[in-house]
Structures are given as C-alpha cells and as structure tokens.
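Contents: one structure, followed by commentary.
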There are 2 protein chains.
Amino acid sequence: MRSSRQRDAVLEVLRASCDHPTADVIFERVRSQIPNISLGTVYRNLGQLKDEGFITVVESSDTKVHYEGNLNEHIHFLCKMCNNITDVWCQSPVPARLAEMGLQVESQKTVYYGVCKNCRDNIECN
Amino acid sequence: MRSSRQRDAVLEVLRASCDHPTADVIFERVRSQIPNISLGTVYRNLGQLKDEGFITVVESSDTKVHYEGNLNEHIHFLCKMCNNITDVWCQSPVPARLAEMGLQVESQKTVYYGVCKNCRDNIECN
DNA sequence: TATTAAGTAGTAATGATTACTATTACTGTA
DNA sequence: TACAGTAATAGTAATCATTACTACTTAATA
C-alpha cells in the first residue's frame, strides 16, 4: 500500500470524527479538502484501511456500514429509537456505567472475531 | 399482528435452523413448505418478527442481514477467513471456552441495545 | 528521468432490500 | 353463516448502498 493523498484524507477525517459516519458522510467531509474525490475512492480506501487494521466497522441498525477511527477498546450503545451509537468508555462493561450515562439497556450482543479451527488447520496444511 | 401461514412458516424455519441464514436462504427453505411464497413476504415477516422480538439479527461480515431464532443469550464467534458464525454457549464469556472450541480470538466487540436519554425524555414529555 | 504498477475519477453495473398494487384470507360482528 | 373491514400476500418495479470497470494519473524505485 503506497501513500496517497486521498487515503490520508479519509483516515484523517475518520480519526477526527466523534460520531460513526457512513461512507457517504465521510465522502462529504473529505470533499471539503479534496473537492473532486470520487465516492468509489472513498469506498476503496475504507476497505483497505479496514483490511490493514487502521479503522474498524461498527454494528448499526440501518443497512449502511458505519466506520470508526478510534481503535481504543470501548463499548457501543445503540439506541433502538433514534439509532444513535454512543461510545462507552470503561474498563469493565458494567450496566451501572450505562445507567449513569442515562442509557437504558434492554439487551446485549457480544461478538468475538478471529480464526476458527477449520481455517487454522487449512493454513497449517498449506 | 394476526396469524398467517407464511409468518408461522418463516418463524418455524428459523427456529429449526442451526446456522444463521439470510433472507434469501430462509426464502428457499420456506419454499419447500409454501412453494409460491414471495421473497417480499419473507422480508416483511422477518421485519415484523424482529420488531415483535421473536427473532434477532446477527452481526456478520457480508452485506446481507443474518437472522437467528434462538433467543437464549449466547455469544457469537465470527471467523474472518470463512466468515462462518459459531454459537458459543457459556455463562461467563471466557476466552478459555473459545480456545477450548478451537476458536482463536483476535478482537471483540460488545454492543448494548436500549433507549438513550434523549429518546426517553421525549417519550415522557409526550 | 523512465518504468511500472498502484491509485484515481467518473460512470456503469450489481444485488440486497423496500415499495407498490391488485388480490386474498383472517377475524370480529350481526 | 354472511358480511365488512383490514391485515397479509404474490408478483413486480423501484431504490440505493456498494462494487466493478476503464482510461488516465501519480508514487516509488532504479
């Protein structure tokens, strides 16, 4: 991956964002710096930055993909009414912390990411 | 929500599924019972069943939405290579349990769902 | 500076999901 | 049981987030 002004701008915009913007929102924000950047370029760079581990994807309630530039480990609270995603920063994810923030928890989902046994075995065989 | 054969079939198929099928897969499975069911009907019923809390949505790595009929609280492991979603059943989500299952964890995401302060205040005012 | 391949802008294509409409089928009431 | 009202359906068209494509541009390296 060699350097490009467009990719740098995408990463910079995402790191400066306090929300969890979608590709089209990032596109609009980057356009203030690079007016003729293409939406396809934003998508491609978001994909690359994700693959290289510079950014992550956030679970959301709409069909669009939401991105995040802050890699420090934290929790997300997703409001089922306004669909807003709130960052929650605390070491141990106690519901008390959420209540303190005025966030009324109804359910929770935890997902672990990695490599399963099958795939690991296949790598070792190759 | 009044009863319908199509919705019952969608729910039944999803509850009988050990995987986390997408709308089109559910569509194919329901077709063996109701050959002329429409894909739109499957989508509409999945939406209603989700809104009513009979089923849930599973985070995945593709652009399709994956559904789940098993409401008992458990954890998901998502393999970044084959994109397969594994159900993990244990009280406290210890990585030891995952290692035991041959699942190599690289990262984790936790999302809480509920109603935020703003939305709760708005309800109370109405 | 010449070469080479990665990156880009602009546009077309894809495909999951949603919307629409005429018709069908539940469900409560007389 | 017949009827009315309305939710649900099948089939199809439309939407729109994302990806693919292509001619051109730019970064990196010798």
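Per chain, numbering begins at 1; letters A, B, ... match sequence-line order.
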- line: Between NZ of A/K50 and C1' of D/dT18 the distance, given in whole Å, is 12 Å

field: ILVMFWY cluster, B/Y113 and B/F54 together (side-chain gap under 4.5 Å)
entry: no

- prompt: B/R7 near the nucleic acid: base, sugar-phosphate alone, or nothing, with a heavy-atom cut-off under 4.0 Å?
  reply: sugar-phosphate

- request: Answer yes if A/L39 and A/V10 sit in the same cluster of Ile, Leu, Val, Met, Phe, Trp and Tyr residues linked by side chain heavy atoms under 4.5 Å apart, and no otherwise.
  value: yes

message: Check A/R31 with A/E28, please: is the shortest side-chain N to carboxylate O separation under 4.0 Å?
response: yes

Nucleotide D/dA17, atom C1' - distance to OH of A/Y67 in whole Å: 10 Å

- request: Please tell me which of B/S4 and B/T63 maps to the more 5' nucleotide of DNA chain D, matching each residue to the nucleotide holding its nearest heavy atom.
  value: B/S4

- prompt: Taking only N and O in the side chain of B/R44, is any of them less than 4.0 Å away from OP1 or OP2 of D/dT9?
  reply: yes

- prompt: Which one, C/dA9, C/dG7, C/dT17, comes nearest to the side chain of A/N36?
  reply: C/dA9

Path from A/I37 to A/Y67 over hydrophobic side-chain contacts below 4.5 Å: yes

- prompt: Among D/dT19, D/dA27, C/dC26, which is the nearest nucleotide to the side chain of B/S3?
  reply: C/dC26

task: Report the distance from atom CG of A/L49 to atom P of C/dA6, rounded to the nearest whole Å.
output: 17 Å

query: Whole-Å distance between C/dT17 C1' and B/I26 CD1?
result: 14 Å

query: Any side-chain N or O of A/Q6 under 4.0 Å from OP1/OP2 of D/dT26?
result: no

query: At under 4.0 Å, does any side-chain N or O of A/Y43 touch on OP1 or OP2 of D/dT19?
result: no

Whole-Å gap separating C1' (C/dT18) and CG (B/L46): 13 Å

query: To the nearest Å, how far apart are B/D24 CG and C/dT17 P?
result: 8 Å

Residue-phosphate contact under 4.0 Å: A/Q48 side-chain N/O, C/dA6 OP1/OP2: no

- prompt: What are the two closest heavy atoms between B/L78 and B/N83, and how far apart are they?
  reply: CD1-O, 3.6 Å

field: Sugar-phosphate only, base, or nothing, as touched by A/N45 at under 4.0 Å among non-hydrogen atoms
entry: sugar-phosphate

- prompt: Would one find a side-chain N or O of A/T41 under 4.0 angstrom from OP1 or OP2 of C/dA9?
  reply: yes

message: Using a distance-only criterion (donor-acceptor N/O pair, under 3.5 Å, no hydrogens), is the base of D/dA28 paired with the side chain of A/R2?
response: no

- prompt: Rounding to a whole Å, what distance do you find between A/F27:CZ and D/dC16:P?
  reply: 17 Å

query: Whole-Å distance between D/dT9 P and B/M1 CE?
result: 10 Å

query: A/S38 has a side chain; which of C/dG10, D/dT18, D/dT9 sits nearest to it?
result: C/dG10

